[in-house]
Visitor: 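Take this structure first; my questions come after.
Below, chains carry the letters A, B, ... as their sequence lines are ordered, and counting in each starts from 1.
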Amino acid sequence: MADLSIDFAGIRSPNPFWLASAPPSNSGAQIIKAFEAGWGGAVWKTIGAPVLNISNRYGGLSMYGQRLVGLNNMELISDRPIEVNLREIAEVKRLFPDRAVIVSAMVESDPRVWADIVRRIEDTGADGIELNYGCPHGMSERGMGSAVGQVPEYCEQITQWVTSVASIPVIVKLTPNITNITHPARAAVAGGANALSLINTINSVINVDLDTFELVPSVGGYGSHGGYAGPAVKPIALHMLSEVAKTQEVIRAGLPISGMGGIQTWRDAAEFLLLGASSLQVCTAVMHYGFRIIDDLTDGLSNWLDDKGFKSVRDVVGMSLPRVSAFGDFDLSYRAVARIDHDKCIQCNLCYVACNDTAHQCIDLYNPDGIRVEPGYDERLNGKGVVSTRPKPVVREDDCVGCALCYNVCPVENCIEMVSVPSGRDSVTWKQLSVNQPAVTQDWAEMEKYREKVGIDIH
Amino acid sequence: MTERFSPPNSDRFAEIYPPMTEQEAVVEANRCLYCYDAPCLQACPTHIDIPTFIRKIATGNLRGSAKTILEANFLGGTCARVCPVEELCEGACVLGKDHEPIQIGRLQRHAVDFVQLKGIEVFQAGPPNGMKVAVVGSGPAGISTAAELAKRGYAVTLFEKRDLAGGLSTYGIIVLREPVEVAQREVESLKHLGVDIRTGYELTSREGLDALLTEFDAVFLGLGLGAVPAMGMPNEEHALDGIELIEKSKFDLSSIHVGDRVAVIGAGNTAVDAATVARRLGRDVTMVYRRGESEMTAYRHEYEFALLEGIKYEFYTQPIGIEVENGRVTGLKCIKVALGEPDASGRPAPVLVAGSEFVIPCDSVVKAVGQEKPALATELGLAVHKGYIEVDDDLRTSLANVYAGGDCVRVRGNATTVMATQDGKIAARAIHGDLQAKLQAAISAAGV
């Protein structure tokens, strides 16, 4: 059994799964229930200035019959009085001393107000503070949330205010609603942050109702942007995580990162760990299925670590970061081609149409007699017996550019494989080409000559 | 719909498959891989673009989905219910290879029912081209032909000898599979296309056909088949006709008089249907067939359905007479049969086992051993082949301007609604091509 416990900037928890600051961590009663279910920690729903919430608050994105692939919200920070929250935080920490209790905070941009809330949070016994620089709606109009997160100078300033008075770890939560997330990350480092967390929700309009023409969610007929979360945002979160994890300032300062954004299963969790997260926050998946998903999250992660021979969560953190490369460093001579396993192929022929309509026209259809045929059907033939005359897709490997579209559309597991084949060319990167043969990278005629010389044929 | 139609009002006679809910249909539609040149499309005798109609269900475009279906198959609502999908589209689904095929039939029904129940007509009659076609017989072949011609601008008159149009769909398919309303909705769509439907008209002679040929530019014959043939056994007149039994069950269950124990002779799909009616009426039902399970002409899924219904089978048993006492049936006398060498049909020939006579005690005997071939064909002076109307690949008969399709030409292949529907498309295409060619020839001649 792998050790799932973590020490995140000095904050300890029995497993890396924390409830993200959000509706699931709205009250002591909820967090107690979550901890009883096995969650390792919770970031308390943001406390701060008085707010009033609206209804409706959530807009769900359904795709192909699957509910909640994405969720957007217009909910604000905690609408329960700050005193009530602080009292419950203290109570939860007393009841569960081994769990991580972190308090998310957001107040107006005044150092005295920040100093006050930091003191009150510390008085509860909480393990850490998370600065909410992300909330993209409602609070940002009041100069908080993403209004801070989007301006690195504010980010640094407020972080500095907090870290100068805080004695517990300060986590800065970054907003993805910015062109380059490494800027606010560096600002947080400069402000003395002890850790980072990302991503907050992404600005979005999730749906327009085709019957009423109203935006979803609709507040009395009107809508606005909300924060987008859930499985659909995971690829964006993974990208931003890898960017921040490779940022020199972050590495030098040794800041751990709490990863979030679409974590729904232990598989997602493992990917976040491999790209540099050392604690994990979950929200939408819990809002979809309840706290009970913690069982598979921890169990699945533990089994995966065991299968791979790792003793603890920290052993895998950042393991895939060295594989984050850049276009200019790729080996331009690496060659892969698609190969179809005809024993597994069910002849849906989606690879054929994808390759022919939108890729490089290198898949052909062959009938059972081995003769190349065009698509189409014989009107006179019918009945299930037609399956025996159905053509199968065959890759012309010489013409395959290795784009992997067929591999991606194939519905059968391991039916199409991208096989590495020798290209017969010496390894070279674009960067090397730019330095050694600059004319090739600047002039099409030179490029043509180069291709001919090394044997690159574009059909 | 006429006044005399009153649907059987019993849960045991509700459609076997409930309609799909919207969510159910969308989830199922999203399972479809949207194959390219899909095998289901080819397996369908009318070649409905199945992946396209399913995709349209997945996106909530039900009207478009229904149109995709009905463009290829005007009887899409009937076919969704009665097609042997296991043998056709669903049997060819690539997902059936290692798990469950898409429920194509139920999805099709979902889309077609949507437009029909909402009263949306997806087709309009074509601009009138001045030509007239008579269609005799309003079963699936006739309806399909009439619809395809009306869409091309022909003035079509559809003749039907019975009170209601629809033929087999209306009278011959048990309500568990297709309620009468469904067949009548298709008739209504035909009326919307301007087809003149004349019920109570029966073509009985060559004179009648000649009269039609005088009045119309072409005649399509979708005559169907006759009654259950005579078996030539004692007291056969006491047997009920399986087709009549099914017809009664569609309109008035109280008109069915069968005893507590029913013996059904035959093992085809009609026999299963007749047996199902009796069974759903609560009777003890035994099907009697002279060959075995593997020789049955009913589809495998129909046989399995019958077993689930609690219908019993007596295989390798040849009925040789009905036992009657005081005018009442008391049993079906049978003799056991052994299998011999293959006969002309390729199946083992049944050989009677001497001395093996026995009686199946019963109080009703239902005959469902096929249908008589179209006797009218010869009367009309048409060339016949093995008793069926002879036609070429484009469904032209031996008489000029006379075309035929459906069961009455079904000398080979399966007698299914979907095949009859495809016949309608083929015949309409041939009629249109032939009449246009004649018109062009006449114009050229006039020009010279």
Visitor: Taking side chain as everything from C-beta outward and backbone as N, CA, C, O, which of these in Cys345(A) sits under 4.5 Å from a heavy atom of chain B? Side chain, backbone, both or neither.
Guide: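 Looking at Cys345(A), just its backbone touches chain B.
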Visitor: Nearest 0.5 Å please: distance from the CG atom of Asp37(B) over to the CZ atom of Arg390(A).
Guide: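 Asp37(B) atom CG to Arg390(A) atom CZ measures 6.5 Å (nearest 0.5 Å).
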Visitor: Find the one option among Thr389(A), Leu350(A), Leu365(A), Val412(A) whose heavy-atom pairs under 4.5 Å with chain B are most numerous.
Guide: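 If we count pairs closer than 4.5 Å to chain B, Leu350(A) comes out on top.
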Visitor: How long is the gap from CZ on Arg380(A) to CD on Gln42(B), to the nearest 0.5 Å?
Guide: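 Atom-to-atom, Arg380(A):CZ and Gln42(B):CD are 11.0 Å apart.
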Visitor: Taking atom NZ as the centre, does Lys392(A) end up with more than 12 heavy-atom neighbours from other residues, nucleotides or ligands that are less than 6.0 angstrom away?
Guide: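 It does not: Lys392(A) NZ has 12 such atoms or fewer within range.
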Visitor: If you take all heavy atoms of Ala92(B) and Val386(A), which pair is closest and at what distance?
Guide: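 Taking Ala92(B) first and Val386(A) second, the nearest heavy atoms are CB-CG2, 4.4 Å.
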Visitor: Is it the side chain or the backbone of Tyr64(A) that comes within 4.5 Å of chain B heavy atoms, both, or neither?
Guide: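 The answer is both parts of Tyr64(A).
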Visitor: Relative to chain A, which segment of Ala38(B) carries a heavy atom at a distance below 4.5 Å: side chain, backbone, both, or neither?
Guide: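 Backbone of Ala38(B) only, per the 4.5 Å heavy-atom cut-off to chain A.
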Visitor: So for atom CZ, which belongs to Phe305(B), do other residues, nucleotides or ligands contribute more than 12 heavy atoms lying within a distance under 6.0 Å?
Guide: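 Yes, enclosed.
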Visitor: Closer than 3.5 angstrom, by distance alone: can the side chain of Lys97(B) be matched with the main-chain N or O of Lys344(A) as a donor-acceptor pair?
Guide: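 Not a single qualifying donor-acceptor pair exists.
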Visitor: Quick one: does Val418(B)'s side chain get under 4.5 Å of Asn382(A)'s, heavy atoms only?
Guide: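 No. Closest side-chain heavy atoms not under 4.5 Å.
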Visitor: What part of Pro375(A) gets within 4.5 angstrom of chain B, counting heavy atoms only: side chain, backbone, both, or neither?
Guide: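 Interface part for Pro375(A): both.
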Visitor: Highest number of heavy-atom pairs under 4.5 Å with chain A: which of Gln422(B), Glu87(B), Glu28(B), His47(B)?
Guide: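 Ranked by contacts with chain A, first place is His47(B).
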Visitor: As an exercise: rank Cys35(B), Cys40(B), Ala43(B) by heavy-atom pairs under 4.5 Å with chain A and give me the winner.
Guide: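 Greatest number of close heavy-atom pairs with chain A: Ala43(B).
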Visitor: Could you tell me which portion of Glu379(A) (side chain, backbone, both or neither) has an atom closer than 4.5 angstrom to a non-hydrogen atom of chain B?
Guide: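 Both backbone and side chain of Glu379(A) come within 4.5 Å of chain B.
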Visitor: How far apart are the closest heavy atoms of Leu41(B) and Tyr377(A), and which atoms are they?
Guide: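 Closest approach of Leu41(B) to Tyr377(A): CD2-CE2, 3.2 Å.
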Visitor: Which bit of Glu86(B) comes within less than 4.5 Å of chain A, counting heavy atoms only: side chain, backbone, both or neither?
Guide: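 Backbone of Glu86(B) only, per the 4.5 Å heavy-atom cut-off to chain A.
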Visitor: Would the number of heavy atoms belonging to other residues, nucleotides or ligands and lying under 6.0 Å from CD of Glu100(B) be above 12?
Guide: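 It does not: Glu100(B) CD has 12 such atoms or fewer within range.
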Visitor: Considering residues, nucleotides and ligands other than Arg177(B), do more than 12 of their heavy atoms fall under 6.0 Å from its CZ?
Guide: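 Check passes, neighbour count above 12.
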Visitor: What closest approach, in Å, do Val94(B) and Ile346(A) show between heavy atoms, and which atom pair accounts for it?
Guide: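 The answer is CG1-O, 3.0 Å.
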